Protein chains: 2
Amino acid sequence: MTKVLVTGANGFVGRTAVAALLRRGAEVHAVTRRPADPTSSVRWHTADLLNPHSIAAVVRQAAPDVVLHLAWIVEHGLFWTSTENIPWVSASALPAKEAHAAGASRFVGVGTCFEYDLDEVLSCCEHSTSLRPKTFYGVAKDATRRLVEGFAQLVGLSFAWARLFHLYGQGEGERRLVPSVARAILAGTPAKCSSGTVVGDFMDVRDAGDALAAITLGTVTGPVNVGTGIATSVGMVASMLGSLAGRPELVALGALADRPNEPRRIVADITRLMTETDATRSRSLEDGLRSALEYWAQRAGGGSK
Amino acid sequence: MTKVLVTGANGFVGRTAVAALLRRGAEVHAVTRRPADPTSSVRWHTADLLNPHSIAAVVRQAAPDVVLHLAWIVEHGLFWTSTENIPWVSASALPAKEAHAAGASRFVGVGTCFEYDLDEVLSCCEHSTSLRPKTFYGVAKDATRRLVEGFAQLVGLSFAWARLFHLYGQGEGERRLVPSVARAILAGTPAKCSSGTVVGDFMDVRDAGDALAAITLGTVTGPVNVGTGIATSVGMVASMLGSLAGRPELVALGALADRPNEPRRIVADITRLMTETDATRSRSLEDGLRSALEYWAQRAGGGSK
């Protein structure tokens with residue numbers, strides 16, 4: 001049984017990654033900043049990962065075979081430009097150092113589609129698309145990957161780097177696209193959207209968790225995109241939510257201005273994920289959005305659907 | 001008068017950079033881990049730069065116009081592969097954050113020729129040579145440059161990155177090329193060398209300090225090579241030391257094995273340094289090595305020359 005230490009285990013992606021690792025038979029040690037409810041199947045550890053001593057203590061205590069490092073600052077909107085990105089670069093390489101020292105053989109870090117040069121491509125490929133992050137968050141993730149990969153090569157640690165695209169689903173921040181549209185429609189109010197012409201790659205967070213578990217327990221090395229490979233416009237996502245809720249007339253595309261300088265198209269090439277890991281094929285957008293609607297309806301008291 | 005905060009000010013390069021900044025009319029605030037002797041012309045501060053609170057305190061206290069950040073681990077031989085490179089990445093971006101917050105307008109960091117792909121070029125050019133560091137030290141410096149440059153672009157801080165090539169001269173670690181050859185010859189013993197066919201770009205550390213001061217007080221942005229632009233073999237350096245000391249027969253080229261996988265040629269393209277800064281043209285290798293010999297002769301008690 002592979003023993004996996006997961007940082008950021010109580011976050012949006014962390015919770016589904018932990019669930020998927022358990023489903024796939026791993027022994028999971030989970031790290032969080034705030035104590036989480038102990039369950040029978042996960043061993044919880046409390047640590048402040050910005051404190052090197054705290055990192056070292058928890059890694060030695062857990063003595064994992066593999067680390068899945070998800071922790072990072074995640075405040076919606078703020079993380080793009082936050083100076084909090086700075087300490088997380090070194091703080092994301094130290095767990096790799098400590099894990100190697102404690103006998104771990106593999107380390108999986110988590111990056112972002114915003115590491116790529118998004119101006120020039122139809123879909124982002126790990127091998128051929130240039131890296132040119134335009135946001136400070138993307139710069140910090142890119143620097144982290146370079147640092148951790150360099151360390152891994154130095155000591156012979158197996159290393160993979162999962163680049164996440166657009167995730168949605170249960171536990172998502174309420175101000176993000178799917179929750180904000182879903183909640184407005186469920187409340188019977190107009191869901192004000194931009195023009196909706198921006199194209200993304202929208203993945204149910206449970207599928208992302210499964211992909212991360214597959215990467216973590218597998219042998220693929222280097223960067224691996226985690227997405228569906230399917231190009232979907234923001235307008236399509238909003239319209240589908242409206243249709244699924246039976247209130248298509250509430251979706252107000254064009255009611256909000258488009259954000260300037262936003263990348264027009266961000267879609268993953270998922271050849272590596274599909275051929276070099278045993279990640280499960282993602283559910284359809286319709287199935288995922290239906291689940292998201294049900295989740296937000298329950299959160300609203302169950303009265304809307 | 002420009003107020004410059006220099007970290008690593010008491011190191012091999014730091015001492016000559018501080019001297020050059022003073023010569024060029026700057027007010028120098030110098031940071032070191034261990035308290036240094038106060039002098040009339042430099043304001044010394046003690047700080048542990050791996051402690052974020054310590055960084056913040058010293059930067060606020062000094063309130064500099066410009067920061068020249070030199071501090072990094074430097075143990076001879078060990079720094080190539082040391083895990084101590086990890087914390088210095090974030091710890092090199094935090095001074096930029098604190099300096100910007102304290103009103104500074106410019107930040108100069110210090111990198112290395114080992115950020116470049118050294119397999120493919122006759123001379124390393126900031127604009128056209130690929131970055132492909134092969135050592136963990138080079139990886140960490142490259143990641144640091146990306147992180148600090150990203151932060152500088154985010155907040156509109158002027159940023160330059162000086163890439164140092166081979167430095168020699170007073171204060172150099174005794175196990176490095178010039179001191180080890182000079183000390184052997186001065187002691188009248190054979191100076192055992194490799195084949196000497198590896199080619200480098202050897203700069204007197206005083207010229208490097210002057211170049212760093214010129215970059216710091218100037219307006220050039222992005223990476224800038226600090227070197228002489230002159231290709232010189234290790235054999236030439238050793239032979240010239242032998243000739244200058246009047247003991248050419250003591251230089252034993254080929255007595256030691258060449259290091260495997262060592263880059264065969266590392267030479268700077270110094271077009272940027274010469275045309276976009278007012279750095280002084282470097283002294284000749286002969287002048288520099290003569291000074292180095294005198295320095296090591298004095299350290300040995302003055303009896304050898």
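No experiment lies behind these values; they were computed from the predicted model shown. Proteins get letters first, then strands, A, B, ... in listed order; numbering begins at 1 in each.
Contacts between residues 48-71 of chain A and chain B, defined by a heavy-atom separation under 4.5 Å, are made by no residue at all. Contacts of residues 104-113 of chain A with chain B at a heavy-atom distance below 4.5 Å are absent; not one residue qualifies. Residues of residues 135-152 of chain A lying under 4.5 angstrom from chain B, judged on non-hydrogen atoms, are A:F136, A:V139, A:A140, A:D142, A:A143, A:R146, A:L147, A:G150, A:F151 by number.
Here A:K97 contributes atom NZ and B:N85 contributes atom CG; the two are 11.0 Å apart, rounded to the nearest 0.5 Å.
The environment of A:R259 atom CZ is sparse: at most 12 non-hydrogen atoms of other residues, nucleotides or ligands sit within 6.0 angstrom.
If you tally non-hydrogen atom pairs under 4.5 Å between each of A:I86, A:L94, A:V89 and chain B, the highest count goes to A:I86.
Under the side chain to side chain donor-acceptor pair (under 3.5 Å) criterion, A:R265 pairs with no residue, sequence neighbours left out.
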